[in-house]
Amino acid sequence: MSHEDCIFCKIINGAIPSAKVYEDDHVYAFLDISQVTKGHTLVIPKTHTKNIYETPPEVAKELFARVPKIAKAIKEVYKPIGMNLLNNNEAPAEQSVFHLHIHIIPRYGEGDGYQLGWTTHDDAYSSDDLQQIAKEINAGIK
Ligand code: 5GP
Ligand code: ZN
């Protein structure tokens, strides 16, 4: 299923050129046009799905099943010292292309270009709070 106005669907069908890293029946992987670090790759399902909320388990399964081998290839070839996987969902969480994608970002050390702000609130939640939150989420799982 391809969406007419989706740039990633256009990349899959070749209407927009890309630097292809890997392709099979289920996924397409290509270099992000704005490389955070060398080898920054996007892995996308061939089935158009807006983001993680709309992703059927079968599409998620096939997508994530391919991520380790692509990540390992980047590791072998460029010898990064670490690697981050990132998936943004909805605009407030920095999603800018609305076709599900996993960023694979190899890391080369301080100043390599990757930055992710992260403030923890360790004092704000007691262990009872954590149990309660876990229960509430669990009750929402269908
Ligand atoms: P998001 O911000 O949605 O998590 O990530 C979308 C990514 O797609 C961005 O990092 C952006 O650089 C990349 N991108 C947007 N348009 C194109 C394009 O036409 N070609 C390629 N290769 N990457 C793109
Ligand atoms: Zn699409």
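Indexing begins at 1, ligand by ligand and atom by atom, following the structure's order. Along the sequence shown, residues carry numbers from 1. Any value given below was found using the heavy atoms of this structure, including those in side chains, with hydrogens, waters and symmetry copies removed.
Looking at N88 against ligand 1, only its side chain comes within 4.0 Å, counting heavy atoms. Under 4.0 Å from ligand 1, the heavy atoms of E94 that appear belong solely to its backbone. Neither the backbone nor the side chain of L86 comes within contact range of ligand 1; no heavy atom lies under 4.0 Å. Within the 4.0 Å heavy-atom criterion, neither part of S18 lies near ligand 1. The proximity of F8 to ligand 1, defined as any non-hydrogen pair under 4.0 Å, is limited to the side chain.
Here's the thing with L31: one of its N/O atoms is less than 3.5 angstrom from an N/O atom of ligand 1. Taking only nitrogen or oxygen atoms, main chain and side chain alike, D32 reaches within less than 3.5 Å of ligand 1. In terms of polar-atom proximity, I16 is not counted as a contact of ligand 1, lacking any N or O under 3.5 Å from an N or O of the ligand.
The distance from ligand 1 to the heavy atoms of H103 drops below 4.0 Å at these ligand atoms: 1 (P), 4 (O), 5 (O), 10 (O). The ligand atoms of ligand 1 that sit less than 4.0 angstrom from a heavy atom of S96 are 1 (P), 2 (O), 3 (O), 5 (O), 6 (C). Every atom of ligand 1 with a heavy atom of F30 under 4.0 Å away is listed here by number and element: 21 (C), 22 (N). In the vicinity of S34, heavy-atom distances shorter than 4.0 Å reach the ligand 1 atoms 12 (O).
Residues T41 and Y22 have side chains not in contact (no heavy-atom distance under 4.5 Å, counting atoms from C-beta outward). Two residues are said to be in side-chain contact when any heavy atoms from C-beta on lie closer than 4.5 Å; K46 and D25 fail this criterion. Side-chain contact check for P45 versus L100: some heavy-atom pair is nearer than 4.5 Å. Contact check for I44 versus H99: side-chain heavy atoms found under the 4.5 Å cut-off. Looking only at side-chain heavy atoms (C-beta outward), H103 and L42 come within less than 4.5 Å of each other. No side-chain heavy atom of Y78 sits less than 4.5 Å from a side-chain heavy atom of P106. Side-chain contact between H26 and L63: absent, with no pair of heavy atoms (C-beta onward) separated by less than 4.5 Å. Within the 4.5 Å cutoff, the side chain of Q35 has heavy atoms near those of the D32 side chain.
Within 6.0 Å of the CD atom in Q115, the count of heavy atoms belonging to other residues, nucleotides or ligands does not exceed 12.
Checked for salt-bridge contact, E4 and K10 miss the test: no charged N lies under 4.0 Å from a carboxylate O. Classification of R66 and D24 as a salt-bridged pair holds, one side-chain N sitting under 4.0 Å from a carboxylate O. In summary, E90 and K50 engage in a salt bridge, as defined by a charged side-chain N under 4.0 Å from a carboxylate O.
Nearest to atom 4 (O) of ligand 1 by heavy atom, out of H101, Q95, H99, is H101.
Residue L42 places a heavy atom less than 4.0 Å from ligand 1. Note on ligand 1: H40 sits outside its first shell, no heavy atom being nearer than 4.0 Å. The closest approach between V36 and ligand 1 stays at or above 4.0 Å for every heavy atom of the residue.
Nearest N/O/S atom of H99 with respect to the Zn ion (ligand 2) is recorded as ND1. Looking at H48, its N, O or S atom nearest to the Zn ion (ligand 2) turns out to be ND1.
Scanning all protein heavy atoms for the shortest distance to atom 14 (N) of ligand 1 gives I33 CG2, 3.9 Å. In terms of protein heavy-atom proximity, atom 18 (C) of ligand 1 is closest to I11 CD1, 4.0 Å. Protein heavy atom in closest approach to atom 16 (N) of ligand 1: I7 CD1, 3.3 Å.
Classification of the Y28-F30 ring pair by plane angle, with boundaries at 30° and 60°, yields tilted.
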